[in-house]
Amino acid sequence: MIRLAMVVLFLILNFALQLENALAATLNLPSTSLQDGPALLAGQASNSTALNAFGISPVSIAADGTYYVTLQAGQISFRAALDTGSADFWLDSTACTTSTCTSVPRYPLTYDSPTFVSINNNETTFTVSYADGTGASGFVARETVDVANVTVANQAFGVVTNSNITLVSEVSGILGLGFSRQSEISTRAANGPRRFFSTLAQQGILDYPVFGLSLTRNDTGTFTLGAIDVSVVQNLSQVIWNEVVSFSPVGTQTNTSGYFFWAIRMSSFAVNGTQYTPQPTYPGPSDNSSIALLDVTRLYSSFPSSRLVDESGQWAIPCDSSATMSFNFGEGTSFVLEPTDYIIGPAEGNPDLCLSWPKASPPSADGVDWLLGTPFLRTVYSIWSYGIDYQEPPMIGLYPRNNASAPVQPFSVVESSFSSESATIATTLPNFVLSTPTYTTPSYAFNTSVPAVYGEIVQSELATSTYSPLIGTLAVNATALPQVSGAYTLLVTNSNGAVVTSTYHISQPSVTLGVPPGWSSAASRSVPGGGLAISMMIALVAGTWIL
């Protein structure tokens with residue numbers, strides 16, 4: 001902690017010196033001083049064995065609801081959506097001329113980046129596809145990647161040359177934060193880092209192998225690497241820690257179980273206090289069974305006049321609902337959602353009925369049937385720990401941001417949120433009530449002849465064992481986790497000699513996207529503010545949530 005304190009002090013002093021002149025020029029103030037400012041941007045400290053790092057970056061919401069960060073690839077700035085459901089990093093490139101590519105900043109292949117490394121003469125293929133039928137393809141190369149002031153050299157990434165994936169808000173690609181078994185690049189790119197976050201963990205680059213997410217609906221959130229944002233987490237003792245479950249292998253790809261999804265067990269869910277025990281789709285073969293359509297139907301049965309909208313599993317409920325939803329993982333704390341958390345918006349053709357979250361999905365062979373994404377994650381601060389070989393399983397920490405005992409929001413608050421967000425959905429409900437569809441449950445995808453045991457520590461997949469465990473199930477010492485802050489306090493002395501205290505939060509700087517250093521281009525996109533887009537998912541797998 002002495003090393004951390006020294007880093008924090010250096011950053012405070014360094015930032016104060018830079019900020020003083022800027023404030024004096026902007027506000028016409030004679031002097032300023034900085035107070036209560038933990039590491040504002042990022043910290044790096046060296047010891048006798050390794051260079052450890054931590055960092056923090058703003059995160060913002062894109063027009064399609066995903067969350068993104070601004071990163072650098074070869075010193076070129078891009079926005080990339082954060083995705084816990086995949087493991088690879090990819091960017092659209094100038095070799096991609098589809099309309100979906102040309103509408104966003106692209107990695108310029110005509111630029112001779114000094115840190116770009118070709119793999120197999122650019123003939124190592126990269127392909128990614130998504131459940132909605134979209135996909136992208138290209139080749140694998142290497143580049144120096146900097147996220148939240150944490151750098152990985154020779155990072156493998158997908159250089160997209162063909163795509164029909166629609167990206168908005170100047171987002172150029174995806175930064176996957178999942179486990180290595182989700183990687184398309186892993187088997188194709190040898191001799192160097194393949195996945196960004198797992199590389200940071202497995203090479204011991206971070207102060208601790210964690211990342212943290214603070215997602216908001218309107219304001220700028222934060223993405224931390226190697227540390228947690230203590231401007232959000234006010235009391236570390238209130239973080240609820242959950243072990244990530246392991247999965248049996250798929251087919252004969254390996255003879256050991258391993259971590260596939262960011263998935264944790266859920267013990268119950270409730271609507272207005274009516275509690276339900278999850279009913280898994282695959283109760284027999286594995287603990288990794290899923291919560292399927294039946295459970296979502298049970299949830300909406302607690303809402304009078306609720307209706308199934310279509311066979312995609314979308315439901316509608318009365319817009320004036322005053323019910324709360326709550327979810328419980330393991331024992332203890334329930335995580336509560338107010339109406340403004342789960343109501344999406346009124347249906348245009350039926351304005352008294354509102355589309356609602358969560359959405360029901362049919363049973364899936366991988367056991368991931370109920371995806372709980374940003375509506376839930378906005379109600380918590382989430383901490384994602386990669387685990388440590390031989391010592392600590394991967395963990396997900398959840399810090400509640402909603403007060404479980406607070407009064408339910410009145411309908412006026414819900415109406416106000418519709419107005420402020422222009423939330424009316426261009427949907428007309430069918431003029432008859434749909435019955436709950438029935439589906440044939442597919443065969444379970446995982447090879448259960450190789451058992452996956454809850455609580456096991458799968459070896460050689462996790463962070464280097466040189467880390468000392470802090471948040472394992474036997475002992476939790478979360479206060480020892482590295483800490484940064486997305487907020488800082490300024491004591492400003494005005495011209496009358498009065499001292500004024502103001503608190504600020506980090507925000508996106510003005511950057512030019514997709515343009516190499518020293519280049520100028522009429523097609524460049526200079527964006528003030530902005531942020532990071534994160535595509536986040538939480539799914540329930542046999543009483544298990546997947547984030």
Side-chain angles (χ1 to χ4, degrees), residues 11-12 14-29 32 34 37 39-43 55-64 66-82 91-92 94 102-108 111 113 115 143-151 167-175 213-225 229 231 484-490 492 502-534:
L11 288 167
I12 292 173
N14 184 55
F15 177 73
L17 290 173
Q18 297 179 48
L19 189 62
E20 183 171 349
N21 292 335
L23 282 175
T26 304
L27 304 178
N28 195 27
L29 301 175
T32 60
L34 192 65
L40 174 65
L41 295 178
I56 187 169
S57 176
V59 55
S60 299
I61 189 168
D64 62 358
T66 61
Y67 287 86
Y68 63 89
V69 292
T70 299
L71 51 76
Q72 287 73 45
Q75 299 185 13
I76 309 170
S77 293
F78 295 98
R79 289 177 176 178
L82 298 177
L91 290 171
D92 286 339
T94 50
T102 56
S103 63
V104 300
R106 295 170 291 168
Y107 182 88
Y111 170 63
S113 169
T115 49
E143 184 59 278
T144 295
V145 177
D146 186 290
V147 182
N149 208 36
V150 176
T151 302
L167 299 171
V168 299
S169 301
E170 308 288 353
V171 174
S172 300
I174 302 289
L175 179 63
L213 290 171
S214 172
L215 306 183
T216 65
R217 190 184 298 271
N218 299 311
D219 301 324
T220 300
T222 60
F223 171 57
T224 59
L225 280 171
D229 184 352
S231 69
V484 293
S485 178
Y488 55 94
T489 301
L490 290 177
V492 180
S502 298
T503 300
Y504 299 85
H505 295 269
I506 61 172
S507 60
Q508 290 286 351
S510 295
V511 295
T512 301
L513 300 174
V515 178
W519 277 29
S520 62
S521 170
S524 67
R525 293 170 169 82
S526 182
V527 246
L532 275 169
I534 298 186

Show the nearest heavy-atom pair for residues [X] and [Y], with the distance to one decimal.
X      : Y      : answer
Glu170 : Pro105 : OE1-CD, 3.1 Å
Ile76  : Pro517 : CG1-CD, 4.3 Å
Ser231 : Ser485 : CB-OG, 3.3 Å
Thr222 : Gly486 : CG2-CA, 4.3 Å
Gly221 : Thr216 : N-OG1, 4.0 Å
Ser57  : Ala148 : CB-CB, 3.8 Å

Run the ring-ring contact (aromatic ring centres under 6.0 Å, His included) test against Tyr107 and tell me which residues pass, sequence neighbours left out.
Phe157

Could I get the full list of side chain to side chain donor-acceptor pair (under 3.5 Å) partners for [X], not counting sequence neighbours?
X      : answer
Ser214 : Arg401
Thr144 : none
Ser77  : Gln72

Rounded to the nearest 0.5 Å, what separation is found between the [atom1] atom of [X] and the [atom2] atom of [Y]?
X      : Y      : atom1 : atom2 : value
Asp92  : Ile174 : CG    : CD1   : 9.5 Å
Thr151 : Asp146 : OG1   : CG    : 3.5 Å
Thr115 : Gln75  : OG1   : CD    : 6.5 Å
Phe223 : Leu175 : CZ    : CG    : 6.0 Å

Given side-chain contact (heavy atoms from CB on, under 4.5 Å), test Asp229 with Ile56 step by step and report yes or no.
CA-CA 8 Å; Asp229 184 352; Ile56 187 169; 3.8 Å; yes

Show, in sequence, the C-alpha distance, side-chain angles and deciding distance for Val104 and Val171, and conclude whether the side-chain contact (heavy atoms from CB on, under 4.5 Å) test is met.
CA-CA 7 Å; Val104 300; Val171 174; 6.0 Å; no

